[in-house]
2 protein chains.
Amino acid sequence: MSTLANQIESYLKKVISAQPDHILEIRRGDLAENFMCVPSQINYVLETRFGVTQGYLVESKRGGGGFVRIIKLSTVQDNGLHKVVEATNGRRISQTAGEGLLNRLNEEGFLTNRENLLLQSLISSSVLKNDGDSELLRGQILHSVLLNILRSDFENSKEE
Amino acid sequence: MSTLANQIESYLKKVISAQPDHILEIRRGDLAENFMCVPSQINYVLETRFGVTQGYLVESKRGGGGFVRIIKLSTVQDNGLHKVVEATNGRRISQTAGEGLLNRLNEEGFLTNRENLLLQSLISSSVLKNDGDSELLRGQILHSVLLNILRSDFENSKEE
DNA sequence: AATTATTTGACTATTTTTGACCAATAATAT
DNA sequence: ATATTATTGGTCAAAAATAGTCAAATAATT
């Protein structure tokens with residue numbers, strides 16, 4: 001209960017809860033300094049405590065003005081989406097399977113027709129003509145899409 | 001979070017918006033002096049925040065009476081995103097530049113707030129963790145988004 | 001004793017800041 | 001006119017400021 005990782009985890013969760021939008025942006029180096037540890041310790045905490053399973057999305061930026069952004073996902077109206085989110089974690093996804101997933105999300109109202117069209121095009125093999133593992137990349141993209149659907153500020157950003 | 005580059009960017013955008021013709025002419029040296037930085041810092045800001053993809057055109061002249069002219073182009077003037085599509089074709093795009101492009105598309109009504117949020121997340125470095133060339137991949141994703149915006153069936157799918 | 005979790009640090013990647021040197025244009029001198 | 005000098009802006013690469021990865025060393029748990 002009192003490992004460094006646990007303390008950092010508690011601290012971050014406390015601060016995030018205090019944010020109106022449940023989003024926290026912080027400098028990794030600052031956090032490491034506050035807890036008197038190496039910066040990579042922060043990554044360990046993020047990986048083990050702020051993953052999909054725990055309902056968080058993490059984004060970041062390097063270089064001057066860099067940051068780590070932790071976004072708490074809304075878990076309130078979970079229509080079985082979390083299962084899908086976990087099922088796509090780190091998985092390869094074929095184009096056909098990806099198309100099916102997006103269409104299903106569209107039919108169930110999680111994605112608009114436009115969003116579906118856009119993403120269908122994005123995961124088509126021609127776009128993903130990456131040298132690397134296209135199926136893995138497709139999985140990463142779809143995983144990210146799913147996580148964003150669960151963001152509480154995502155639904156609220158309908159239109160002005 | 002407020003880097004020098006961000007401050008200069010904000011300042012310039014504020015001033016340009018206040019111009020009736022959305023054109024700003026300024027001396028690079030003056031700007032650098034105001035922000036107490038080296039002149040080349042200005043070029044960095046222009047390159048990373050005022051490129052064609054972000055909807056700006058930059059011209060300049062050296063020597064006595066020299067200047068830097070920043071022109072904000074509306075999409076109509078810009079031939080319907082044609083230049084942006086060209087500029088992103090096969091090109092590598094940094095996270096900063098990508099953010100700028102998406103925000104511009106959002107501001108000009110080509111992307112909804114939701115679509116912007118989703119895509120911003122998709123191009124953030126932590127999401128785009130792949131073995132290959134991240135910047136190239138970011139460019140491919142954004143290029144695909146632009147092509148979709150230009151497709152008539154995508155434009156027409158705004159309502160649902 | 002074996003396995004799993006945590007801590008640490010060396011090495012990598014990305015973005016911003018800075019400075020030395022280059023190029024163009026205008027003004028002035030010859 | 002031409003050459004020279006002053007006045008601008010441009011380029012590029014190094015340094016600084018962030019963050020990420022990975023695996024070895026420790027610690028905790030089974």
Side-chain angles (χ1 to χ4, degrees), chain A residues 1-12 24-51 53-54 58-70 90 132 140, chain B residues 1-12 24-51 54 57-70 92-101 123-139:
Chain A
M1 195 15 90
S2 48
T3 63
L4 221 197
N6 282 333
Q7 289 175 257
I8 297 173
E9 175 192 3
S10 300
Y11 170 76
L12 288 175
L24 169 64
E25 242 177 60
I26 197 170
R27 284 222 303 285
R28 185 183 74 151
D30 283 357
L31 197 52
E33 199 174 359
N34 287 152
F35 283 92
M36 294 182 292
C37 65
V38 294
S40 56
Q41 172 77 330
I42 307 304
N43 295 81
Y44 175 72
V45 173
L46 292 175
E47 281 159 24
T48 57
R49 271 81 163 169
F50 292 86
T53 315
Q54 292 90 1
V58 177
E59 299 174 355
S60 66
K61 187 176 176 181
R62 305 185 191 189
F67 60 82
V68 167
R69 180 186 297 141
I70 309 176
Q140 288 170 342
Chain B
M1 237 300 252
S2 221
T3 61
L4 221 199
N6 283 336
Q7 290 175 257
I8 297 174
E9 175 192 4
S10 298
Y11 170 76
L12 288 175
L24 168 64
E25 243 178 58
I26 197 170
R27 283 223 301 285
R28 184 183 76 151
D30 284 357
L31 195 52
E33 199 173 357
N34 287 153
F35 282 92
M36 294 182 293
C37 65
V38 295
S40 56
Q41 172 77 327
I42 306 304
N43 295 82
Y44 175 72
V45 174
L46 293 175
E47 282 160 23
T48 56
R49 274 102 162 143
F50 292 87
Q54 288 110 342
L57 195 59
V58 177
E59 300 171 348
S60 66
K61 201 171 85 166
R62 307 184 190 189
F67 60 84
V68 166
R69 180 186 298 144
I70 309 176
R92 300 164 77 241
I93 298 184
S94 73
Q95 193 171 344
T96 304
E99 280 168 18
L101 169 55
I123 67 164
S124 86
S125 64
S126 58
V127 174
L128 230 56
K129 50 173 186 282
N130 72 110
D131 293 331
D133 189 333
S134 302
E135 296 213 336
L136 188 57
L137 177 55
R138 192 178 288 116

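Every chain is numbered from 1 and lettered A, B, ... according to where its sequence line falls, protein lines coming before strand lines. Nothing here was measured: the structure is a model prediction, and the numbers come from that model. Heavy-atom basis, side chains included; hydrogens, waters and symmetry copies ignored.
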Atom [atom1] of [X] to atom [atom2] of [N]: distance rounded to whole Å?
X	N	atom1	atom2	answer
A/Asn6	D/dA27	CG	P	17 Å
A/Leu4	C/dT8	CG	P	7 Å
A/Ile8	C/dT6	CD1	P	11 Å
A/Tyr44	D/dA19	OH	C1'	19 Å
B/Glu47	C/dT15	CD	P	14 Å
A/Arg62	C/dT15	CZ	C1'	10 Å
B/Leu46	D/dC12	CG	P	15 Å
A/Leu31	D/dA19	CG	P	10 Å

Side chain of [X] only, heavy atoms from C-beta on: which candidate in [options] is closest?
X	options	value
A/Val68	C/dC22, C/dT8, D/dG20	D/dG20
A/Arg28	C/dT15, D/dG20, D/dC12	D/dG20
B/Ser60	D/dG10, D/dT21, D/dA19	D/dG10
B/Asn43	C/dT15, C/dT6, D/dT11	D/dT11
A/Ser40	C/dT18, C/dT8, C/dA13	C/dT8
B/Thr96	C/dT8, C/dT15, C/dA24	C/dT15

Counting only side-chain nitrogens and oxygens, does [X] get under 4.0 Å of the OP1 or OP2 atom of [N]?
X	N	value
A/Gln41	C/dT7	yes
A/Lys61	C/dT16	yes
B/Arg49	C/dT16	yes

Can you name the nearest heavy-atom pair linking B/Cys37 to B/Leu4, along with the distance?
->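 Looking at all heavy atoms of both residues, the closest pair is CB-CD1, 3.6 Å.
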Determine the minimum heavy-atom distance between B/Val68 and B/Arg28, stating which atoms define it.
->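 Between these two residues, the closest heavy atoms are CG2-CB, 4.1 Å.
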Is [X] touching bases, backbone alone, or none of the nucleic acid, heavy atoms closer than 4.0 Å?
X	value
A/Gly66	sugar-phosphate
B/Arg92	nothing
A/Thr48	nothing

Can you confirm whether [X] sits close enough to [Y] that some side-chain heavy atom of one is under 4.5 Å from a side-chain heavy atom of the other?
X	Y	answer
A/Tyr11	A/Leu31	yes
B/Glu47	B/Val58	no
B/Glu99	A/Lys61	yes

With rounding to the nearest 0.5 Å, note down the distance linking CD in A/Gln7 to CG in A/Leu12.
->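 Reported value, rounded in 0.5 Å steps: 12.0 Å.
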So which one's nearest nucleotide on DNA chain C is more toward 5', B/Val38 or B/Glu135?
->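 Its nucleotide being nearer the 5' end, the pick is B/Glu135.
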